[in-house]
S.K.: 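What follows is a single structure, and I will ask about it in a moment.
Order of the sequence lines sets the chain letters (A, B, ...), proteins ahead of strands, with each chain counted from 1.
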Number of protein chains: 2
Amino acid sequence: MGTALQKTIHQLKSENREFFHMALSVDCVILGFDENELKVLLIKSDLEEFSDQWSLLGDLVRPDENLDSASYRVLKERTGLDDVFLEQVYTFGDVNRHPAGRVITTAWYSLINIKDHQMSLAHNELHWHPVSEITTLAFDHKKILDTCLHQLQSKIDEHPIVFNLLPEKFSLRELQSLYESIHGTKLDRRNFRKKFFLMDWLIDVNELEQDVPHRPGKLYRFNADRFSDGKKVKLQEHA
Amino acid sequence: MGTALQKTIHQLKSENREFFHMALSVDCVILGFDENELKVLLIKSDLEEFSDQWSLLGDLVRPDENLDSASYRVLKERTGLDDVFLEQVYTFGDVNRHPAGRVITTAWYSLINIKDHQMSLAHNELHWHPVSEITTLAFDHKKILDTCLHQLQSKIDEHPIVFNLLPEKFSLRELQSLYESIHGTKLDRRNFRKKFFLMDWLIDVNELEQDVPHRPGKLYRFNADRFSDGKKVKLQEHA
DNA sequence: TTGGTATTGTGTATGGCTTACACATTATAT
DNA sequence: ATATAATGTGTAAGCCATACACAATACCAA
């Protein structure tokens with residue numbers, strides 16, 4: 001009982017096998033947090049026939065580049081950023097998922113700080129969309145987006161990754177409202193603050209919010225030194 | 001700024017692009033629990049040059065089959081099983097990960113009940129190996145195995161999937177020892193039992209263990225009706 | 001300058017869950 | 001019959017999660 005993997009690709013090609021009517025792509029779910037909303041960076045569909053639909057940012061993987069390099073390349077080409085949080089989520093490989101042919105795609109999500117990088121994507125067809133308002137996307141991209149968001153929800157309860165979405169200095173309200181918009185819940189303000197101070201993840205930078213029409217909150221930055229993989233971020237369940 | 005995804009595969013092929021020197025495979029980490037140990041099903045490497053090394057069970061994805069269908073096919077071809085737990089974990093795509101050429105692989109893990117299916121894999125080069133004794137595997141398969149095991153560890157704390165590894169009727173000791181061998185920890189027996197009874201996930205089938213050289217334990221089966229996605233299985237952390 | 005407004009900053013009591021821990025019981029084997 | 005080896009069971013202590021209210025502060029408008 002043999003499998004195709006027993007042969008080299010050159011052997012397969014000389015046998016005229018059909019394995020090479022496929023292509024592999026990466027798609028990036030690039031998330032940002034702005035105006036108290038979680039937003040995703042979308043582009044008018046790459047394909048002309050789908051040009052009225054928004055799609056994720058993706059490209060084919062090149063034969064000479066690693067899979068993760070491909071996703072970093074897409075991110076860099078589209079946003080100018082390279083030192084950002086990027087994580088693989090899932091690979092989608094249904095036969096008819098893409099109109100251009102058999103394209104299997106690996107989805108990645110990236111968390112970036114919109115405020116500090118707003119200028120970089122002034123060019124071309126890119127726009128930030130509130131994720132809560134997205135009902136349809138091109139191809140199977142809505143499903144990909146949902147999968148990434150679901151993974152993000154699990155992940156933020158285990159690891160302190162939300163700080164990638166915030167500016168270097170942020171208020172506790174911003175932090176709480178970020179957790180709330182990712183989880184779609186309301187949290188108790190006092191317990192939220194207590195929790196984060198107890199975990200010792202925040203450093204008081206001795207500054208106050210500016211330009212707010214009310215009492216300004218203190219600003220903090222993330223205490224990366226304090227991060228240990230064992231600690232959990234679990235917050236309240238309901239409320 | 002265009003990407004290769006803007007073109008159909010036929011356009012790309014007529015341009016003689018290099019995207020088609022790649023192939024896509026699936027690799028299955030098939031796990032079982034036997035003699036109080038977690039075991040993985042391995043095969044003598046598919047490639048002759050690596051025939052002294054063990055490898056995971058995999059094959060190329062066919063052009064006309066979905067990605068998940070490919071992993072189910074591999075499982076069915078190798079073990080005869082089809083109604084089993086199988087879940088995608090991660091896609092590995094380093095340029096030089098496979099000696100046969102550019103092969104990107106999607107890893108899956110499967111949880112099966114060895115005892116009830118022992119006969120099916122009498123044929124060929126397959127063998128169960130205790131995962132704790134595995135130090136090297138062919139290609140990057142050790143890395144793939146480790147990734148799957150790590151994912152399994154996280155997963156069993158959130159979802160009641162370990163039952164897939166047990167026979168229909170099992171003792172509490174078997175269940176506890178399964179958790180212990182996946183997590184590599186020791187758990188308190190009384191608290192473990194209390195926890196599971198409290199969650200109401202076990203049904204007493206009014207039978208006792210057979211052929212044990214000591215007082216036999218009661219047998220239970222998993223109460224699938226009681227399963228709600230919200231419940232967590234979190235056990236003690238240390239001990 | 002004053003009063004109104006909106007949001008920040010703070011503590012405590014309750015209940016539930018987690019943990020640590022010991023001894024009598026039961027089937028088997030000699 | 002006796003020794004052996006594992007099963008089956010309960011309670012107390014501490015920690016964590018939750019619910020909840022009021023004073024302080026900065027801005028704004030009159």
S.K.: Between atom CG in B/N191 and atom P in D/dG10, what is the gap in whole Å?
M.R.: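 From B/N191 CG to D/dG10 P: 14 Å.
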S.K.: Under 6.0 Å between the ring centres of B/H127 and B/W54?
M.R.: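 Aromatic pair counts; centres sit under 6.0 Å.
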S.K.: Quickly work out the A/L172 CG to C/dT8 C1' distance and round it to whole Å.
M.R.: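 Rounded to the whole Å, the gap is 10 Å.
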S.K.: Are the charged groups of B/E180 and B/K186 less than 4.0 angstrom apart, N to O?
M.R.: yes
S.K.: Of the nucleotides C/dC21, C/dT7, C/dA27, which has the atom closest to the B/P216 side chain?
M.R.: C/dA27
S.K.: Send over the distance from B/F192 CZ to C/dA20 P, rounded to a whole Å.
M.R.: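 In whole Å, C/dA20 P lies 16 Å from B/F192 CZ.
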S.K.: Would you please confirm or rule out a distance under 4.0 Å between OP1 or OP2 of C/dT18 and any side-chain N or O of B/K195?
M.R.: yes
S.K.: Ring-plane angle category for A/F192 and A/F196, please: parallel below 30°, perpendicular beyond 60°, tilted otherwise.
M.R.: tilted
S.K.: Should the pair A/F163 and A/F170 be assigned to parallel (<30°), tilted (30 to 60°) or perpendicular (>60°) ring geometry?
M.R.: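 Tilted, since the angle between the ring planes falls between 30° and 60°.
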S.K.: Please report the distance, rounded to the nearest Å, between CG in A/D188 and P in D/dC16.
M.R.: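 From A/D188 CG to D/dC16 P: 18 Å.
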S.K.: If you assign A/H214 and B/H214 each to the DNA chain C nucleotide with the nearest heavy atom, which residue ends up on the more 5' nucleotide?
M.R.: A/H214
S.K.: Return the value, rounded to whole Å, for the distance between atom NZ of B/K186 and atom P of C/dC21.
M.R.: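 Going from NZ in B/K186 over to P in C/dC21 covers 17 Å.
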S.K.: Let me know the distance between CG of B/L175 and P of D/dG8, rounded to the nearest Å.
M.R.: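 One finds 13 Å between P of D/dG8 and CG of B/L175, rounded.
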S.K.: Provide, to the nearest angstrom, the distance between the CZ atom belonging to B/R193 and the P atom belonging to C/dT18.
M.R.: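 Spelled out: CZ on B/R193 to P on C/dT18 is 18 Å.
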S.K.: State which of C/dT10, D/dT25, C/dA27 makes the closest approach to the side chain of A/R215.
M.R.: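 The answer is D/dT25, which lies nearest to the side chain.
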S.K.: Does a distance-only test, which skips hydrogens and angles, find a donor-acceptor pair under 3.5 Å between the side chain of B/K194 and the base of D/dT11?
M.R.: yes
S.K.: Above 12 or not: heavy atoms from other molecules or residues under 6.0 Å from NZ of A/K195?
M.R.: yes
S.K.: Just call it for A/R173: base, sugar-phosphate, or nothing, with non-hydrogen atoms closer than 4.0 Å on any strand.
M.R.: sugar-phosphate
S.K.: Give the rounded distance in Å between these two atoms: CZ of B/R189 and C1' of C/dT25.
M.R.: 12 Å
